[in-house]
Structures are given as C-alpha cells and as structure tokens.
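Keep in mind that this is a model prediction, so the values were computed, not measured. These numbers come from the heavy atoms of this one structure, side chains and all, not from hydrogens, waters or symmetry mates. Sequence lines set the chain letters: A, B, ... in the order given, protein chains first and strands last, and positions in each chain run from 1.
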Amino acid sequence: MYIFDSVQKIKREFVSLKKNEVSLYVCGPTVYDDAHLGHAKSALVFDLLSRVLRAEGYNVKYARNITDIDDKIIKKATELGVSIKEITDKYTEAYHADMAHLGIQRPDIEPKATESLDAMFLMIQNLLNRGHAYQISNGDIYFDTASDAEYLSISHRVQNEDEKQNRVLNSNEKKNSADFALWKTIADGDISFDSPFGKGRPGWHLECSAMIEKHLTCKDTKYAIDIHGGGADLLFPHHENEAAQTRCSTNHEIAAYWMHNGFVNIDGEKMSKSLGNSFFIKDALKVYDGEVLRFYLLSTHYRSNFNFNEEDLLASKKRLDKLYRLKKRLFGLEVHSDMQTAFKTKLLDALKDDLNVSTALSVIDEMISLVNETLDSAGKHKELKREAMIDMAYIEELLGFGLENPFEYFQTGVDKETKVKIKELIEERNEAKKAKDFATSDSLRDQILSYGITIMDTPQGTFWERV
RNA sequence: GGCGCCAUCGCCAAGUGGUAAGGCCGGAGCCUGCAAAGCUUCUAUCCCCAGUUCAAAUCUGGGUGGCGCCUCCA
C-alpha cells in the first residue's frame, strides 16, 4: 500500500505502527447545517481508504468525530431559540442519513466533542504544566505557538513579520497572533461547560487532538496514530494546531501519515459556507441516485479538486450503468466464494497505489467488456459467469458499487402506476410483434418512450429502463 | 505580499524517465423486423520555450494560463 503523505509531500509505502493494525482519524462535520458535497467527498475518500486497508488484511480502527460544540451551533440555536442539543441531534442524524445514502460505512468510533471534554481538560492541563499554554486575564487559555519549535512543520508555512510583531501591534493579551484558544471562558452561563479552568468552551482544534489521545492513540510509539485525514482546507491552521497540541502535551507526533482530499467545486467555483453556494447532499439525492453520486464523486483522484457538474455526472452514471447491465445479464446466478481471481488482484493493486480509482475503474471496464464479449461470441460459459459474479461481489465490497438490484437500479424514480402501464404496453407490443405488425409495435414503443422509458428486447424477454 | 497546487483527445480522467489506460460524446460496422443493449473499429505526442538524457507528458530552468491556503470551512 502506498499513500501520498501530504506533509512530506511524497508517496510513501504504508507501514503501520502496529502489525496488522491501522488507526485512522478523520475530521468530521460540525453539525449546525446539512452536509454538502464536500463533506460527501471527504467521507467517501476515507470510507474507500478503510475498505482498502481492510481488504489488505488490516484490522482498522477508524474514528471520525462529530463537532457538537461550536460558535456557529450556538449562534443557530440562539437564533432559533432552541437548545444546542436540538440542533446537533438534528444535523447529526441528517448527516448519518446522507452518508448512508452514499453507501458510506459508519466509522468504528464517532466521538463527540461534548463527550470528550474530560480528554480535553487533561490535554489543556498538560499543556499548562509543560509551559506550552498560558492563561490571560479574562481566563481564556491559549496555546503558545512560540514554545513549540516544530510549529508550522505540518503546513510548511513561514511566519511573516506582521505575525511576529503582533505582540506589540495587537492590543489583546495573546503573545503571538498565531496562538490559538484552547479554552474560551464565557460570561453567560447558558451555553458553557464546567471545567477546572472555569466555565467556558473548548477551542475547535483541541477536540481532535484530545479525541485521538482518548480513543486511538498508541502509547508506546513515535506517533499517536497511523493516518490522519481531512479536507485540504484543514491543513492550516487546523491540523497544524492539532499536531502542535499533541506534540507538546504528549511524547509523540500525532500522525505518521497525513492525507488531505481536494475540494469539490461547483461549476468551477469553490463551494464554501461564506460564499453561500453550498450544494447539499440531500438536494443532490432528490435528483440523483445515491450510488450514482458515490460513483461520480469517487471517480476522480481524491487529491485533485473536483468540479461538480451535471454533464460529467451523467457521463459517470453511464459508466456505472455498464456495471449494472452486466449484473442484469448475470442475474439469478448465486455465487458465494472467496476465490481469488486475476481481476481482484488487479483491482486491489490499483487502489493500493494511493487510491488510484481511475485505474481501478479502467480495470472494471475492461473486465465488463471482456465478459460481455465472451458471452456475445459464445453462449453459456458457466465458469466465466461464476467468476464474473465473484468479481462483481468484490467491486461491491471494495468500492461499494453495484449494490442494488440491477432491474430496480434502472427503474429508480418510476412510480408504481407508470410501471403497471409500461408493463401493459410492453405486453401489447409483444403481441403486435408476434403478429409481425411492426407499425403497431413501433408506435407502442414510441408511446413507452413518451414516459421516459426505453425498452430492449432480449432472449430473456423485453426489459425496460428509465432513460 | 507569503506558501503551495495544477495545465494530457470535444468533455471527464490515469500515467510521473522507456516511447500516451479507461469512460462520455462522435464516425463506421456486426447483431436486431427496426431499435435499445452488447461487441468490433476509428479519433491526442501530452500549454509554450530552453536544457539534462541514448531516451521526457514524465526531470531542471524560464514563460503563459487556471486555482488553493494564509479568516469559518470537507
């Protein structure tokens, strides 16, 4: 397995800290709004990573947090006059539903900030004890970036002069403008948590470091966990700060490998909360099948930026259609086997190379073509069919494509009445065909097409698909 | 301004030193009553310039053009 480490900026062979075990931590959502396509991309990438690692035989411990303490949550709760929990519960549930529609498996651990305060207090205390944090007059506690010689080693940034001079220029008590809050004291007691440092709430960066320490960490290794992932926008300052906290409060670096996924742009423009052009998963799901979205969003390498547009999505759907058409062709054949095939090896090899999905998809397309070709040229081929079934089961397991019933897949979004009507029209057409009344059968086909349905005559009967 | 990424067929997109995967679209054909599906087949020398090398889309330097982070963000 090779992974591109976004801190060292090279592709590195993956060697786990502990034999046969992988600890993976990914920054999850702040639950104050619906999840957008960017959340989907990130969750999909690391879902795929965990599947590939498991296929490689690793026992994977995958954690993705839920940030349920945050200014934006508080703001929304205040605006709506409801409790924080009402907001976070609602959007956590929505997040889970969206992810499920995309075929994303639940991580092994989903720690919440509200349930990890103990670990955060511990970390703050450690940082204070070790002289890496300081408290200002209002009670706020900051991380002292100047105290960490390795600060900025994750993002490779250079601190500019303005930042260095901040102590003089800035009126607040922060020693350095890069210093970030570990604990923010709050006067109004409503939305705050009790802590050894007084009432308040934790800084955002702290939660990930604390959760890693609490749930995943290997105590006796150079690194706390194997792989840390998240969106590219988190590299700085979020991951830089996480790394600093862990480095200074424990005796190890936070992660041996860092993976950052690229952005999802909409029509060439970055989707961002501040631009207000977020495309929500739930809205996309109204129009497109979840598996099609999964396929489309995964079809480009995870590190590249992804430009979402309908045209490409439809091209992508046609590609997935091919998989389902083969599944249709082999329908009814039940095969359960762990048999190793050349295809399986090739597919896994592609994904083992820093999740090269493009190559993986080409391996799949070639397999589909080969099977179709063989089946076209010479009838039965029991063994080939069996092997193709085994291969397709592997695609489902590894990539999560092809999970649906192939007939239903092509008929999603068609209501019951239409289905009945189509069935009638097809029967009528088949009568006409039998009588060699092609004028009638063609006009019936046009009528079916007016429902947005295309039909195909096969030796097994007439099948229909939504156009 | 600081740091960084990217530029491959009409479109999407792999490949990162050994002579351009795959998909969509399009052309031709096979199959079909006709279609659809499937199959066969055709379509690029890799933004520009210079250099390194026996050999470069792949390395180096310089352009040009996109874009990101530096503020909440996946």
For A:Glu465, report the nucleic acid contact type (base, sugar-phosphate, nothing); a contact means any heavy atom under 4.0 Å. nothing
A:Lys76 atom NZ, over 12 foreign heavy atoms within 6.0 Å: yes
Applying a 4.0 Å non-hydrogen cut-off, can you work out what A:Lys41 is touching in the nucleic acid: base, sugar-phosphate, or nothing? nothing
Under 4.0 Å, counting only non-hydrogen atoms across every strand here, what does A:Arg325 touch: a base, just sugar-phosphate, or nothing? sugar-phosphate
Would you call the rings of A:Tyr324 and A:Tyr409 parallel, tilted or perpendicular, where under 30° means parallel and over 60° means perpendicular? parallel
At less than 4.0 Å, is any side-chain N or O atom of A:Lys322 found next to OP1 or OP2 of B:G22? Yes or no. no
Does A:Gly38 reach a base, just sugar-phosphate, or nothing at all? Heavy atoms under 4.0 Å. base
With a non-hydrogen cut-off below 4.0 angstrom, is A:Lys9 in contact with a base, only sugar-phosphate, or nothing? sugar-phosphate
Contact class for A:Arg445 vs. all strands (heavy atom < 4.0 Å): base, sugar-phosphate, or nothing? base
When we call it a touch if two heavy atoms are under 4.0 Å apart, what does A:Val363 touch: a base, just sugar-phosphate, or nothing? nothing
Tell me what A:Ser369 touches on the nucleic acid: a base, only sugar-phosphate, or nothing, going by heavy atoms under 4.0 Å. sugar-phosphate
Any strand counts, and the cut-off is 3.5 Å on both contacts for Watson-Crick or G-U wobble. Which nucleotide pairs with B:A50? B:U60
Using a cut-off of 4.0 Å on non-hydrogen atoms, how would the nucleic acid contact of A:Ile455 be classed: base, sugar-phosphate, or nothing? base
Please determine whether a side-chain nitrogen or oxygen atom of A:Asn305 lies at a distance below 4.0 Å from atom OP1 or OP2 of B:C67. no
Could you check whether A:Arg429 gets within reach of a base, just the sugar-phosphate, or nothing at all, counting any heavy atom under 4.0 Å? base
Answer with base, sugar-phosphate or nothing: what part of the nucleic acid does A:Asn309 contact at a heavy-atom distance below 4.0 Å? nothing
